[in-house]
Every structure is written in structure tokens, then in C-alpha cells.
Amino acid sequence: MATSVIESGNYELFIDTGFQLDAFVLDDATRGVLNNTQYVLDGTTEFAPMLEYSTNVNIKRGRRDVGDQFSAGTMSFNLNDSLAGGTLNPLYSSSPYVDPEGQFTLAPLRRVSFGRYNSANTFVPLFVGQIVSYDYNYELGGQNTVSVYCADDFYLLAQTALAEFNVSEQLSSARLSAVLDLPEVAYPALSRDIETGTQTLGGAAAYTVAEGTNVKAYIDQIQAAEQGRIFMSRTGDLTSQPRVGNTISGSVADFHDDGTNIPYNSLGIIFNADVIVNRASIQHLGATSPQVADDAASQAKYLIQNVSITNSLLHNDAAALTLADYLLVGEPVATFNAVQTDYLMLTTAQREALALVDIGDTITITNTITGGEVAQELSVEGVEIAVNINNGHRVTFYTASTVIVFQLILDDILYGRIDEDNVLG
């Protein structure tokens with residue numbers, strides 16, 4: 001079942017009902033037969049389609065600024081219970097969403113997913129998470145509604161604390177996997193997409209993780225040392241990418257304002273003083289003093305703009321100094337930082353392409369200005385989506401500058417030159 005969104009496609013919002021469609025049930029005449037191939041021990045969870053009772057869905061994922069940590073992605077929507085015949089009321093004992101024990105199943109921490117169907121009628125997730133709050137609003141003589149707020153799995157990790165954890169020296173990706181494997185975390189292996197990190201984290205006694213350390217806060221420390229991206233993907237996978245550096249040119253979406261490629265209706269440009277970092281101080285947990293990098297020319301021009309990390313997980317002074325140098329930004333650069341488009345402006349192929357764009361992808365934005373055009377290839381750092389049944393689908397991508405390099409092509413007049421902009425592989 002799917003709900004049509006004007007000039008955007010077919011969408012659906014699914015909520016885990018708590019029921020299992022094909023689960024083995026002890027002592028049941030049909031479901032309890034041994035060696036049954038239809039009713040099995042684990043069963044398949046039933047998800048109820050809910051978009052027919054809603055008019056809008058709002059999603060926020062990732063970060064707006066490259067210097068921010070990744071917080072939990074969120075999704076919010078309202079459900080019209082008057083339209084649903086009262087079945088969404090958690091106090092209605094005859095609701096089809098009440099289990100045999102009398103518990104209403106559309107409950108907090110039930111899994112939810114929202115997405116659209118492509119031209120092959122395949123469901124493409126735009127958000128996967130769980131319900132955090134399910135607030136019923138009764139209006140005498142009016143419509144009864146439910147306000148639902150959801151978050152991705154970072155919310156769960158932020159509610160979890162670690163036991164004391166004696167770590168060993170290892171890559172950041174290995175440390176992240178080790179934390180997720182701990183019995184008090186037990187994050188599903190099938191819901192991970194962890195690329196090999198580039199930074200080694202310390203393993204001496206100073207790096208021992210204290211009892212009660214918040215899991216999400218410790219993951220943020222890993223990310224701060226690696227300076228990559230750790231986020232929940234649109235499909236609900238915990239995704240870790242290594243330190244952001246040179247990016248092989250490979251834009252997944254090209255936005256233009258001249259009537260070609262993907263059109264957009266809003267574009268933001270950031271050119272702020274707060275991006276300047278001309279002094280960086282990094283002290284790892286095993287050190288007695290920080291490693292400091294300075295940009296003297298920038299300091300003379302803009303005074304000292306400092307960033308300081310005093311609890312870095314990096315394993316030695318050399319790595320700390322490398323990170324300090326990495327964080328220096330001596331001059332502000334005007335950068336496209338937010339592009340917004342409405343699906344009603346797009347072709348079917350363009351809509352399907354944008355539905356797949358996720359954090360860490362590279363997009364191109366071209367803007368026409370007096371005297372010509374400006375084009376930038378940028379990394380996607382955040383995604384905001386607003387879907388209204390009657391107004392359509394609007395998406396905003398928050399971006400950051402990235403250093404683009406190109407694959408070396410033998411005998412090519414431009415890409416065949418061996419230099420810092422053309423690389424092997």
C-alpha cells in the first residue's frame with residue numbers, strides 16, 4: 001500500500017505493530033505444528049502502513065556545519081485518529097493494535113520507517129528509527145490527532161552506558177566496532193557500515209573507559225580523533241567514514257539554476273568569521289601537554305581564533321600535532337552550504353536520484369552570477385526533508401567544501417598530467 005504525494009511519487013510510513021505474521025505459537029493448532037515451514041520460530045514482524053492518516057512528515061539528519069558532531073536524526077509526523085476510526089487511541093481496548101496481553105502496540109521504541117517507491121515499485125527508505133513519543137490529543141467536537149516524534153539509533157546509544165572498558169591500541173574503526181560489540185551495547189552487526197579508519201587510538205591505562213561512560217559521547221570522541229563522519233544512514237545503518245580529505249570527483253547529483261540538470265529554488269552561501277581556526281591545541285589522554293599548531297599570518301590578520309581538544313583518543317603526540325595542523329583554516333572561503341529543491345520541479349529520474357543521496361556523498365552546485373557561473377563540488381553533511389501530501393516533497397542538503405581530485409587518465413590532455421589534482425585509483 002502506498003500514498004500518493006502530489007507531483008512527488010508514492011510514499012509510505014510504516015510502524016512496527018509488535019505482531020509477528022508467521023511466528024510459531026506453542027499449543028496453537030495451526031501455528032504450533034512442529035516442522036512447520038510457514039510458521040517459524042523468529043517470524044516476520046508486521047508493519048502497519050500509516051501515511052493514509054497523515055498529511056506531513058518532517059525529517060532532519062546529519063549536521064549543518066562540518067565542525068559539529070552528528071546528533072540523532074529525527075522524524076516527526078501527526079496522525080488523524082478521527083480518520084482512523086479511533087484505532088490509534090492507546091486506551092481503546094478493541095483497537096486492532098492491542099495485543100493478547102492488552103498492550104497497545106504502537107508504542108515508544110517501536111521501529112518506524114518512511115520512504116518512497118521508485119519506478120520499479122521498490123521501497124527506498126528515507127528514514128529508519130523508532131518512536132520516542134506518542135502523544136494523543138483529544139479535541140471535543142473536533143479531530144483527534146496523535147503527535148509522533150521519532151529518532152534514529154543514536155538516540156538508543158545515547159541512553160546506554162559502558163562498563164569499565166580496558167582498551168588496546170587500535171584503529172578508530174576497530175575501536176568503534178569493539179564498543180558496539182560490548183554486551184552492554186550489542187549493536188546489531190548487520191546494521192553497521194564501518195570503513196577502515198586512518199587514525200590509531202591509544203591503549204594505555206590513561207585511555208581506559210570509565211564505568212558509566214555514555215556510549216554516544218564516547219563515539220563522539222572517536223569521531224573527534226578520526227575527523228571523519230559517524231552517522232546513521234537513511235537506511236538505518238550505523239555508518240563510519242574515515243578522516244575527510246581529498247575526494248575523488250564523482251558527483252551523484254548536479255544542481256543548476258539555468259534550466260539544465262537538477263533545478264533548485266534556494267541556495268545558501270556561507271562566508272563567516274567563525275570558520276577561521278588559526279590556532280589548534282590537541283592533547284591526547286596519555287600526554288602531559290598539548291600539541292599546538294599556529295597560522296601566524298592568519299593570526300596577524302584576524303587575531304587568534306582557537307580550537308582546543310583536551311581529551312583526544314589519539315595515541316601519540318605526532319598524531320595530535322597532525323590533527324592540530326589538519327584543523328587549521330586560515331582564511332574564510334565563500335561556500336555554498338545549503339541547496340533546496342522541490343520534487344514538483346523534477347523529473348521522475350531526478351526524484352529517484354535525489355532519494356538516494358546521503359551524508360558523505362558529493363554533489364555539484366552551479367550558480368549563475370554577474371559575469372558568468374560559479375560551480376562547486378561539495379560534500380553532503382546533512383539532509384532535511386519535508387513531505388506534505390498536498391504540497392509535495394521538499395529536500396534541503398547541507399554541504400561543506402571538500403578537496404576534489406580526479407582519477408588519472410592516461411594520455412588525457414587535462415587528466416593525464418601527474419600532479420596533486422590527478423591521482424591513481
Side-chain angles (χ1 to χ4, degrees), residues 1-5 10-34 36-59 72-115 117 123 125-153 155-156 158-160 186 188 191 236 387 389:
M1 184 176 182
T3 298
S4 177
V5 174
N10 294 322
Y11 294 70
E12 194 51 84
L13 170 66
F14 292 103
I15 301 180
D16 175 7
T17 65
F19 298 111
Q20 291 184 315
L21 298 175
D22 53 359
F24 179 87
V25 179
L26 193 64
D27 296 329
D28 186 278
T30 302
R31 296 171 178 260
V33 177
L34 295 176
N36 195 321
T37 58
Q38 181 177 357
Y39 299 103
V40 294
L41 288 178
D42 50 358
T44 302
T45 301
E46 180 180 13
F47 285 81
M50 289 289 171
L51 196 56
E52 62 181 309
Y53 306 129
S54 183
T55 58
N56 57 79
V57 177
N58 294 285
I59 296 168
T74 63
M75 177 173 70
S76 60
F77 55 89
N78 292 327
L79 299 173
N80 187 332
D81 192 32
S82 298
L83 190 61
T87 60
L88 305 180
N89 189 330
L91 300 181
Y92 178 38
S93 60
S94 296
S95 169
Y97 305 115
V98 173
D99 66 19
E101 285 73 41
Q103 296 294 319
F104 188 71
T105 61
L106 304 182
L109 298 187
R110 290 292 187 194
R111 298 295 284 180
V112 296
S113 62
F114 174 76
Y117 290 88
F123 183 72
L126 298 173
F127 180 89
V128 175
Q130 50 272 314
I131 294 173
V132 174
S133 63
Y134 185 96
D135 298 329
Y136 195 90
N137 311 298
Y138 176 76
E139 183 177 342
L140 184 62
Q143 293 186 336
N144 301 329
T145 60
V146 188
S147 299
V148 185
Y149 181 79
C150 310
D152 63 27
D153 282 357
Y155 171 82
L156 299 179
Q159 308 302 310
T160 306
S191 297
V387 175
I389 300 300

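Counting from 1, the numbers follow the sequence of the chain as shown.
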* Show the numbers, then the answer: is there a ring pair (Phe, Tyr, Trp, His ring centres under 6.0 Å) between Y149 and Y134? => CA-CA 7 Å; Y149 181 79; Y134 185 96; over 10 Å; no

* Structure fact -> d(E12 CD, E52 CD) to nearest 0.5 Å is 7.5 Å

* **Nearest-0.5 Å distance, CG of residue L51 to CZ of residue F14** => 9.5 Å

* Euclidean distance, I389 CD1 relative to N56 CG, rounded to 0.5 Å -> 8.5 Å

* Would you mind reporting whether F123 and S113 have side-chain heavy atoms less than 4.5 Å apart? => yes

* Between the side chains of N80 and T145, does any donor sit under 3.5 Å from an acceptor? -> no

* To do: Return yes if a side-chain donor-acceptor contact under 3.5 Å exists between D153 and S191, otherwise no.
  => no

* So do V387 and N58 actually touch side chain to side chain, heavy atoms under 4.5 Å? -> no

* Asked: Passes side-chain hydrogen bond (donor to acceptor under 3.5 Å, both in side chains), S147 versus N78? Steps please.
  -> CA-CA 5 Å; S147 299; N78 292 327; 3.2 Å; yes

* All side-chain hydrogen bond (donor to acceptor under 3.5 Å, both in side chains) counterparts of N144, not counting sequence neighbours -> none

* Hey, what do you get for OG1 (T17) to CG (L106), rounding to the nearest 0.5 Å? -> 7.5 Å

* **Min side-chain heavy-atom separation V98-Q103 under 4.5 Å** => no

* **Heavy-atom side-chain contact between V132 and C150 under 4.5 Å** => no

* To do: Evaluate the criterion side chain to side chain contact (heavy atoms under 4.5 Å, CB included) for residue pair L79 and V148; output intermediate values, then yes/no.
  => CA-CA 8 Å; L79 299 173; V148 185; 4.2 Å; yes

* pair V146-D135: side-chain heavy atoms closer than 4.5 Å -> no

* **Reported OG1-to-CZ distance for the pair T55 and F77, which is rounded to 0.5 angstrom** => 11.5 Å

* Quick one: do Y53 and L83 satisfy side chain to side chain contact (heavy atoms under 4.5 Å, CB included)? Show the steps, please. => CA-CA 6 Å; Y53 306 129; L83 190 61; 4.2 Å; yes

* **Evaluation steps, side chain to side chain contact (heavy atoms under 4.5 Å, CB included), between M50 and L88** => CA-CA 10 Å; M50 289 289 171; L88 305 180; 3.9 Å; yes

* Which side chain to side chain donor-acceptor pair (under 3.5 Å) pairs, counting each pair once, include a residue from residues 81-96, with sequence neighbours left out? -> D81-Y136

* **Worked verdict on D16 versus E46 for side chain to side chain contact (heavy atoms under 4.5 Å, CB included)** => CA-CA 6 Å; D16 175 7; E46 180 180 13; over 6 Å; no

* **Gap between atom CZ of R110 and atom CZ of F47 - 0.5 Å precision** => 9.5 Å

* **Qualifying residues under ring pair (Phe, Tyr, Trp, His ring centres under 6.0 Å), relative to Y155, sequence neighbours excluded** => none

* Looking at F127 versus F114, is the centre-to-centre ring distance below 6.0 Å? -> no

